[in-house]
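To start, the structure under review is shown below, and the notes come after it.
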Amino acid sequence: MKKYLPLIILALLAVLPLTGLSTYMLHIMILVIMWSVIGMSWNLLGGYCGQVSFGHAAYFGVGAYTAGILYTKFDLSTWWGIPLCIIVVALFSVVLGYIVLRLRGPFFALATLASGEVMRITAENWVDFTGGTMGILIQKRTWVDKTWYFYIILLIAAVTFFLVKKLIESKLGYYFVAIREDQDAAESLGINTTLYKTVALCISGVMTGIAGAFYTSYMGYIDPHVAFALHDISIITIMIVMVGGVATFWGPFVGALIMVLLAEFIRSMPGLGTAYQTFFGILLIVIIIFLPNGIVGDYKKLKRLVGLGRATS
Amino acid sequence: MTSAAIEVFLQTLIAGILLGGLYALIGLGMTLIMGVMKIINLAHGELMMVGMYIAYWMFVLFNIDPYLSVFIATPILFFLGIALQKFLINPVLKVDSILPENQVILTVGIGMVLANLATIFFKSDYRSTPVSYATNAFYLSDYWRDSPIELSLSVPWTVSFVLAVIITISLWFFLARTDTGKSIRATAQDTDAALLMGVNVKLMRVVTFGIGSGLVGAAGCLFLPIYYLFPSLGGQFTLIAFVITILGGLGSTIGAIIGGLILGVFESMTATYVGMGWAPVGRFVIFVVCLIFLPGGVASLLKRKKLGK
């Protein structure tokens with residue numbers, strides 16, 4: 001049963017648009033699935049390989065801009081951005097990885113944070129190429145209806161999920177976990193840590209880039225503040241994984257579901273709209289203090305807590 | 001070089017040094033916290049923003065000069081830092097989890113809450129403090145009638161710089177001469193050894209976080225007359241503080257001062273010769289170059305020289 005759970009959930013999600021959901025609900029589901037793709041790819045690098053990146057917006061933005069620039073400069077459909085960004089983001093990750101992966105712990109975290117910011121500032125200032133703060137507007141949307149977008153992002157998510165699962169269950173996954181637990185010990189056992197960290201970063205970056213390219217096609221507008229946002233992308237990505245569960249297969253999905261719904265809920269409340277970051281911050285603090293491994297990771301603990309609450313009441 | 005070019009260069013250099021002195025003050029707080037607690041405080045810039053808002057409201061409501069607010073904002077930030085450390089960061093240090101970066105992520109959460117609360121309470125307007133001396137300046141030609149080049153020195157920048165230097169020197173005295181300061185340095189060097197020597201490491205952590213926050217609060221007050229104020233300004237200063245920390249070498253006080261000066265000069269050079277918008281990129285170029293070629297920061301250079309002697 002457990003073995004088929006991913007397939008069952010995939011099938012359930014696939015029939016979702018047929019149930020006649022409103023466009024708004026479909027939009028929310030697309031966002032949830034897109035964020036779980038980003039969360040899963042962050043989880044591969046951060047959760048399994050232990051390299052906590054604060055700059056996944058860099059990969060997201062490079063992916064998004066690859067698609068956008070294809071449209072503005074070469075007059076191609078933005079969908080070509082998805083295959084192309086695999087190459088572009090992979091190259092970008094290797095170059096960036098060369099710089100940041102030699103660092104550890106907090107240094108790595110901050111170097112990645114800076115990398116995201118550098119990309120944003122570059123995109124803002126390199127006006128000829130990126131359009132600067134004006135951003136890129138895709139005038140011709142592929143579909144008005146959201147159903148196809150939903151299936152495309154679902155396909156991307158399914159591929160990401162099975163890729164991450166296969167990777168983690170392979171020898172590579174054990175290397176990643178070994179690096180996370182003790183990098184020096186892993187190195188002394190003959191694991192080429194730099195190589196495997198670069199591999200993790202590349203896969204993670206490419207997956208995030210694909211989500212970015214999808215974002216351009218779906219939203220039809222990107223600018224440096226959207227695509228390379230520190231809080232709204234890099235930090236939210238971390239939060240999704242932290243809330244859902246670090247180093248779990250389902251964590252990113254659960255996290256994305258909770259975060260997107262929460263964000264929409266808070267934004268729709270009159271007078272509370274601007275305060276959503278406060279709620280996110282408080283949620284993050286509470287999660288870190290009480291459920292450091294996230295909802296999926298600390299599921300037993302959570303169940304016990306809830307159970308206790310029920311027993312006493 | 002023509003005299004005009006020299007003038008521009010010198011003017012840029014002066015602006016850079018003045019900026020660098022203030023940057024050093026921001027970097028110092030972070031370097032202290034990093035040295036003692038081994039965590040990055042990503043809410044550093046947001047704490048500075050809080051300090052700036054305190055000084056701003058002091059000015060607007062009670063007409064207290066931002067420079068005098070240093071004495072108000074610093075204690076407030078000191079206790080805020082202590083509270084954050086005691087009630088939020090300390091509990092997390094004890095929690096067992098897969099990722100050791102939890103504390104860093106926690107400070108991100110704190111920063112988010114602070115920035116967002118400021119947006120809610122004070123709106124996201126850009127504000128500036130209309131101090132009477134905001135546009136005053138010293139001119140070289142006033143003092144040296146026949147000088148071949150003309151240089152100017154803005155009054156608020158100069159006062160801020162001088163105050164920053166005074167605060168830095170008093171901090172140095174505190175760290176080098178007092179018992180508490182020595183205990184803090186001992187904790188930074190080797191926590192276990194300090195513990196064995198009877199240093200109250202736990203208390204030192206709390207105090208250090210308080211001092212770091214207080215310093216950045218003071219820096220906020222000094223920045224207020226020369227900069228504008230908006231709730232999301234924290235992020236960029238967190239990054240600046242962090243670049244300085246890396247540039248200066250982790251946990252090194254002198255390194256942070258030198259790092260701040262280098263960054264300030266470099267930044268104003270990029271702003272003059274490359275373009276205003278590129279100044280932040282210059283910041284990161286320095287950062288990346290430093291990571292690749294000088295991972296220990298300026299402090300490692302200083303150490304090497306000492307060993308060479």
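This one's a predicted model, so the numbers in the text were calculated from it and none came from an experiment. Every chain is numbered from 1 and lettered A, B, ... according to where its sequence line falls, protein lines coming before strand lines.
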Any pair counted as salt bridge (Lys or Arg N to Asp or Glu O under 4.0 Å), so long as it reaches residues 258-271 of chain B, sequence neighbours left out: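 Sorted pair list: B:Glu267-B:Arg283.
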With sequence neighbours left out, the residues meeting side-chain hydrogen bond (donor to acceptor under 3.5 Å, both in side chains) with A:Ser53 are A:His56
Going from CE on B:Met112 to CD1 on A:Ile236, what distance comes out if it is rounded to the nearest 0.5 angstrom?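 One gets 5.0 Å once the value is rounded to the nearest 0.5 Å.
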Rounded to the nearest 0.5 angstrom, the CD1-CD1 distance for B:Ile105 and A:Ile238 is 5.5 Å
Can you tell which part of [X] gets under 4.5 Å to a heavy atom of chain B, answering side chain, backbone, both or neither?
X        : value
A:Phe279 : neither
A:Ile285 : both
A:Ile235 : side chain
A:Ile99  : side chain
A:Ala247 : side chain

query: Should we count CG of A:Leu167 as having more than 12 external heavy atoms under 6.0 Å?
result: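 Counting other residues, nucleotides and ligands, CG of A:Leu167 exceeds 12 neighbours.
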Within the supplied structure, the quantity of interest is the number of heavy atoms (other residues, nucleotides, ligands) at a distance under 6.0 Å from A:Tyr174 OH; does it exceed 12?
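No, because the 6.0 Å sphere around OH of A:Tyr174 holds 12 heavy atoms or fewer from other groups.
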* Can you tell which of A:Val100, A:Leu291, A:Ile289, A:Ile282 has the highest number of heavy-atom pairs within less than 4.5 Å of chain B? ->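 Top count of heavy-atom pairs under 4.5 Å with chain B: A:Ile289.
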Of the listed A:Ile288, A:Ile287, A:Thr122, A:Leu113, the one with the largest count of heavy-atom pairs under 4.5 Å with chain B is A:Ile288
Heaviest contributor of heavy-atom pairs below 4.5 Å to chain A, chosen from B:Thr238, B:Ile110, B:Leu239, B:Val104, is B:Leu239
Side chain to side chain contact (heavy atoms under 4.5 Å, CB included) between B:Val108 and A:Phe54, intermediate numbers included:
CA-CA 10 Å; B:Val108 173; A:Phe54 280 76; 3.6 Å; yes
Closest non-hydrogen contact found for B:Val113 with A:Thr278 is CG2-O, 3.7 Å
